[in-house]
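Working notes, beginning with the structure itself.
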Amino acid sequence: MSETPPVQRRPSGELEASVLAALWAAEGPLSPAEVQSALGGRLARTTVTTILSRLHDKGAVSRSRAGRGFAYSPIQDSAGLTARRMRSELDKQHDRGTALARFVSQLTREDEQLLRSLLEGAADGPQGAPGTGRPPAPGATP
């Protein structure tokens, strides 16, 4: 009798990342069927619907009624989502100082310089991103 090879598991978050990429590339809200199509039809629509529901529960996407179902839109761009995830992980820490220190100690020299620049810009006040009191995003025009 021949053995079937073990099923390869996808890396954690890969499906959510694919679904979010499809939503970011869209010009408007997408239904689960439209997301499925954008992903090349390689996932079952029920799988796509489950992923979209989980992303909605996590606050990563919004949804609005579209017929008998929902259409989904990303709440933030990729950078905004990454920032939210980083903040969420930091909020879980009892010793925020140690967590931040370890994070900073693992930055590349370029990232450390960028972080310093962003922090200095935030301290300067109104020269940052309009209405936020924060520095503009890298590459943004003031």
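Quantities reported herein were computed from a predicted structural model and do not represent experimental measurements.
Note that NZ of K58 is 13.0 Å distant from CD1 of I75, once rounded to the nearest 0.5 Å. A distance of 11.5 Å separates CZ in R42 from OG1 in T47, rounded to the nearest 0.5 Å. Here S31 contributes atom OG and F70 contributes atom CZ; the two are 12.5 Å apart, rounded to the nearest 0.5 Å. Atom CG of L100 and atom CG of L90 lie 5.0 Å apart (nearest 0.5 Å).
In this structure, the side-chain contact (heavy atoms from CB on, under 4.5 Å) partners of D77, at least two apart in sequence or on a different chain, are A79. Residues forming a side-chain hydrogen bond (donor to acceptor under 3.5 Å, both in side chains) with Q76 (at least two apart in sequence, or on another chain): none. Residues that satisfy the side-chain contact (heavy atoms from CB on, under 4.5 Å) test with A71, not counting sequence neighbours, are P29, S64, A66. For L115, the side-chain contact (heavy atoms from CB on, under 4.5 Å) criterion is met by V104, L107, L119, not counting sequence neighbours.
When all heavy atoms of A22 and V35 are compared, the pair lying nearest together is CB-CG1, 4.4 Å. The shortest non-hydrogen separation linking S18 to L39 is O-CD2, 3.5 Å.
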Could you list the donor-acceptor pairs under 3.5 angstrom formed by side chains in residues 48-56, with sequence neighbours left out?
from	atom 1	to	atom 2	distance (Å)
T49	OG1	R45	O	2.9
T50	OG1	T46	O	2.9
S53	OG	T49	O	3.0

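Using modelled atom types, one side-chain atom of T82 and one backbone atom of S78 make a donor-acceptor pair closer than 3.5 Å. With E16 contributing its side chain and G13 its backbone, the two residues share no donor-acceptor pair below 3.5 Å.
The shortest side-chain heavy-atom distance between W24 and L81 falls under the 4.5 Å cut-off.
A salt bridge between E112 and R116 is present, with a side-chain N of the basic residue lying under 4.0 Å from a carboxylate O of the acidic one.
The salt bridge (charged side-chain N to carboxylate O under 4.0 Å, His left out) analysis of residues 92-105, with sequence neighbours excluded, yields the pairs E89-K92, D91-R96.
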